[in-house]
Amino acid sequence: TPVDLFVAIQTDRLFRAPGIRLAEVKQNKEKPAWYYILTWRSPALGGKMGSCHMIDLGLVFGTYEKKFTGEGPVLEALSAKMQDAWLAFAKNGDPTCESLDKWPSYGSKREIMMFGEKCYLENDPLSEERRAWDNIPLDVLG
């Protein structure tokens, strides 16, 4: 729908494209950066919010509200994996942890951890959309 398209464009403009550019700058300076995309969708408002900004914070800190995030064993496992990764990063500067296996830094393969019903590493997800932003100046991104 037009609303879905607008939300997707705004999400990329405000969050994903600037985040990827930051990871690329760090990579070019040989400083590691890790990137993830949360695909877990909020059930709030009949699912219209999708995987909205900041839904990950409740999962990371284990303080999620079921009306906003949902509930059940799959969500609990997702939350535990996110907690493990953030804790590993806080301790070691690297989010690799036992529950997720190896999580390489964002590099030439554009490795991104996908957090959702399943957690897995993907090389350059949504690459067509990413490339659409390549020539857009940073000041347009917000």
Side-chain angles (χ1 to χ4, degrees), residues 1-45 47-66 68-142:
T1 69
V3 170
D4 292 335
L5 182 57
F6 176 78
V7 169
I9 290 169
Q10 287 296 87
T11 297
D12 273 6
R13 183 180 76 82
L14 295 171
F15 303 109
R16 199 167 75 87
I20 287 173
R21 290 204 182 160
L22 179 59
E24 289 169 347
V25 165
K26 288 188 63 104
Q27 172 196 7
N28 290 337
K29 294 183 181 231
E30 298 183 13
K31 303 284 185 185
W34 289 266
Y35 198 96
Y36 72 86
I37 294 176
L38 182 67
T39 61
W40 185 267
R41 299 179 61 83
S42 170
L45 301 175
K48 291 180 183 173
M49 294 176 66
S51 183
C52 57
H53 179 58
M54 294 185 60
I55 191 173
D56 54 340
L57 292 182
L59 300 173
V60 167
F61 294 106
T63 58
Y64 53 87
E65 299 278 334
K66 65 181 179 180
F68 185 62
T69 57
E71 62 184 328
V74 175
L75 180 67
E76 291 169 15
L78 170 60
S79 180
K81 288 177 182 180
M82 293 185 79
Q83 289 174 32
D84 289 348
W86 279 52
L87 185 58
F89 184 78
K91 284 182 176 178
N92 311 314
D94 181 334
T96 298
C97 57
E98 208 173 295
S99 63
L100 288 172
D101 298 321
K102 180 70 177 146
W103 180 350
S105 63
Y106 187 90
S108 61
K109 295 179 185 176
R110 302 179 185 276
E111 299 92 337
I112 296 177
M113 183 62 70
M114 307 299 284
F115 280 107
E117 288 189 29
K118 300 222 184 277
C119 298
Y120 57 94
L121 198 64
E122 187 170 334
N123 294 338
D124 202 9
L126 305 166
S127 60
E128 190 173 344
E129 291 88 341
R130 177 194 49 77
R131 285 191 307 274
W133 291 98
D134 281 351
N135 295 315
I136 306 293
L138 281 173
D139 59 341
V140 173
L141 296 177

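Atom set for the values below is all heavy atoms of this structure, side chains included, hydrogens, waters and symmetry mates excluded. For this chain, numbers begin at 1 and follow the sequence in order.
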| said: I'd like to check Ile9 versus Trp133 (side-chain heavy atoms, cut-off strictly below 4.5 Å). Are they in contact? | reply: yes

| What closest approach, in Å, do Pro32 and Lys26 show between heavy atoms, and which atom pair accounts for it? | O-CE, 3.2 Å

| Parallel, tilted or perpendicular for Trp103 and Tyr36, by the 30°/60° rule? | perpendicular

| field | Validation row: Met49, Ile55 side chains within 4.5 angstrom (heavy atoms) | value | no

| request: Measure the spacing between SG of Cys97 and CH2 of Trp86 and express it to the nearest 0.5 Å. | output: 13.0 Å

| message | Under the criterion side chain to side chain contact (heavy atoms under 4.5 Å, CB included), I'd like the reasoning laid out for Phe115 against Leu100: C-alpha separation, chi angles, the key distance, then a yes or no. | response | CA-CA 10 Å; Phe115 280 107; Leu100 288 172; 3.7 Å; yes

| query | In this structure, are over 12 heavy atoms from other groups packed under 6.0 Å from Lys91 atom NZ? | reply | no

| message | Taking CZ in Arg41 as the centre, count heavy atoms belonging to other residues, nucleotides or ligands within less than 6.0 Å. Is the count above 12? | response | no

| note | One should read off an interatomic distance between Arg16 CZ and Ile112 CD1, to the nearest 0.5 angstrom, of 6.5 Å

| field | Note, Met114 side chain near Pro125 side chain (heavy atom, < 4.5 Å) | value | yes

| request: State, yes or no, whether a side-chain contact exists between Pro104 and Leu121 at a heavy-atom distance under 4.5 Å. | output: yes

| query | Any donor-acceptor pair under 3.5 Å linking the side chain of Ser42 with the backbone of Ser51? | reply | no

| message | Just verifying a value: how many Å separate Phe89 CZ and Asp84 CG, rounded to the nearest 0.5 Å? | response | 15.5 Å

| Nearest heavy-atom pair of Ser105 and Glu111: which atoms, and what distance? | O-OE1, 3.3 Å

| field | Interatomic spacing from CD1 in Ile20 to CG in Asp134 - rounded to 0.5 Å | value | 9.0 Å

| Approximate separation, where rounding is to 0.5 Å, of Leu38 CG and His53 NE2 | 12.0 Å

| message | For the backbone of Asp94 and the side chain of Asn92, can you confirm whether one donor and one acceptor N or O come within less than 3.5 Å of each other? | response | no

| Step by step, would you call Ile136 with Arg21 a side chain to side chain contact (heavy atoms under 4.5 Å, CB included)? | CA-CA 11 Å; Ile136 306 293; Arg21 290 204 182 160; 4.2 Å; yes

| said: So, taking the atom named CD in Glu129 and the one named CG in Asp12, what distance separates them when rounded to the nearest 0.5 Å? | reply: 6.5 Å

| When you look at CD of Glu117, are more than 12 heavy atoms from neighbouring residues, nucleotides or ligands closer to it than 6.0 Å? | no

When the side chains of residues 69-80 are checked against the rest of the protein, which donor-acceptor pairs come out under 3.5 Å, sequence neighbours left out?
{"from": "Thr69", "atom 1": "OG1", "to": "Glu65", "atom 2": "O", "distance (Å)": "3.0"}
{"from": "Ser79", "atom 1": "OG", "to": "Leu59", "atom 2": "O", "distance (Å)": "2.6"}
{"from": "Ser79", "atom 1": "OG", "to": "Gln83", "atom 2": "NE2", "distance (Å)": "2.9"}

